[in-house]
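Have a look at the structure that comes next, please.
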Amino acid sequence: MNEMYEMSQSIHIYSVIGLLFLLLVMIAMHKVNGDFQKFVKWIKVLMVFHLSLVGFIVLTGAIMMAAKHLSFTPANLLMIVSFFIIAALEIKRNKALARVIRFKMMSHEHYKKLGFRYQLAELLLIVGVSAFAGMAGAVSF
């Protein structure tokens with residue numbers, strides 16, 4: 001059981017690091033000026049990796065909680081709430097992208113600014129939750 005917990009914990013941590021790196025790349029893409037069609041193509045490709053990493057994080061988090069007999073610490077509760085916030089931000093960002101591509105209801109520049117803000121909020125949320133979880137692990141609530 002300890003081996004499974006340790007493996008899940010290492011996959012969890014590496015997935016969070018990978019997600020942070022991917023968010024940095026996506027944020028940088030929002031700031032680069034260029035062909036919007038290429039931008040959309042790359043964002044769609046990176047979105048697959050983004051959702052996969054979020055899935056890894058949720059799955060390994062659930063495995064670790066089950067291994068610890070569902071102990072709801074403040075850090076665990078904060079991680080669960082942050083997942084729902086990230087999911088809501090991604091849904092909003094994808095709806096905005098659909099407004100630009102399909103319905104032509106939003107300009108390309110407005111979407112880039114909006115997408116930048118949503119992904120920056122995700123990045124800051126993940127960094128904040130990671131810092132709190134690290135402090136909570138050190139203090140051991």
ILVMFWY cluster, V32 and I27 together (side-chain gap under 4.5 Å):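 In one cluster with V32: I27, no.
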
Transitive ILVMFWY side-chain link L53 to L51, under 4.5 Å: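 Yes; tracing contacts between hydrophobic side chains, which count when under 4.5 Å, links both residues.
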
Spacing of CZ belonging to R99 relative to CG belonging to N94, to within rounding of 0.5 Å: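 Separation between the atoms: 11.0 Å.
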
Expected output: side-chain N76 to main-chain F72 donor-acceptor under 3.5 Å: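 Flag not set: sc N76 to bb F72 has no pair under 3.5 Å.
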
side-chain contact (heavy atoms from CB on, under 4.5 Å) between M47 and E90, intermediate numbers included: CA-CA 10 Å; M47 196 62 207; E90 282 303 310; 2.6 Å; yes

ILVMFWY network linking Y118 to I85, side-chain heavy atoms under 4.5 angstrom: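 Result: yes, single cluster for both.
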
Derivation of the side-chain contact (heavy atoms from CB on, under 4.5 Å) call for M106 and I101: CA-CA 9 Å; M106 187 184 300; I101 295 171; over 6 Å; no

Residue pair S8 / I63: nearest heavy atoms and the distance that separates them: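 So the minimum-distance heavy-atom pair works out to OG-CG2, 3.1 Å.
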
Cluster check I13, V58: I/L/V/M/F/W/Y, side chain < 4.5 angstrom: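 The answer is no; the residues belong to distinct hydrophobic clusters.
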
Option passing side chain to side chain contact (heavy atoms under 4.5 Å, CB included) with F39 (candidates H108, K44, M29):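 In the set H108, K44, M29, the residue that makes a side chain to side chain contact (heavy atoms under 4.5 Å, CB included) with F39 is M29.
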
Pair K112 + E109, salt bridge at N-O below 4.0 Å: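 Salt bridge: no.
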
L97-V45 co-clustered via ILVMFWY side chain contacts under 4.5 Å: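 Looking at the clustering, V45 is in the same group as L97.
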
Side chain to side chain donor-acceptor pair (under 3.5 Å) between E122 and H50, intermediate numbers included: CA-CA 12 Å; E122 283 182 44; H50 182 275; 3.1 Å; yes

Main-chain N/O of I57 paired to H12 side chain as donor or acceptor, under 3.5 Å: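 It does hold such a pair.
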
Atom pair CG (N2) and CD (Q9), whose distance is rounded to the nearest 0.5 Å: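 Answer rounded to 0.5 Å: 11.0 Å.
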
Residue of the set L120, I126, V127 for which side chain to side chain contact (heavy atoms under 4.5 Å, CB included) holds with L124: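 Going through L120, I126, V127 one by one, the side chain to side chain contact (heavy atoms under 4.5 Å, CB included) with L124 is satisfied by L120 alone.
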
Non-hydrogen atoms of S107 and V100 that approach each other most closely: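 Between these two residues, the closest heavy atoms are O-CG2, 4.0 Å.
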
Distance-minimising heavy-atom pair for V129 and S82: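 Between these two residues, the closest heavy atoms are CG2-CB, 3.8 Å.
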
Heavy-atom pair of closest approach, residues S130 and V16: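 Residues S130 and V16, closest heavy atoms: OG-CG1, 3.9 Å.
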
Which atom of L89 lies closest to which atom of A121, heavy atoms considered: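 L89 and A121 have their closest heavy atoms at CD1-CB, 4.0 Å.
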
Shortest non-hydrogen contact from V54 toward F83: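 Closest approach of V54 to F83, heavy atoms only: CG1-CE1, 3.8 Å.
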
Working for side chain to side chain donor-acceptor pair (under 3.5 Å), residues R93 and Y111: CA-CA 8 Å; R93 193 179 66 77; Y111 169 74; 2.9 Å; yes

Gap between atom CZ of F132 and atom CG of L78 - 0.5 Å precision: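 That separation rounds to 6.0 Å.
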
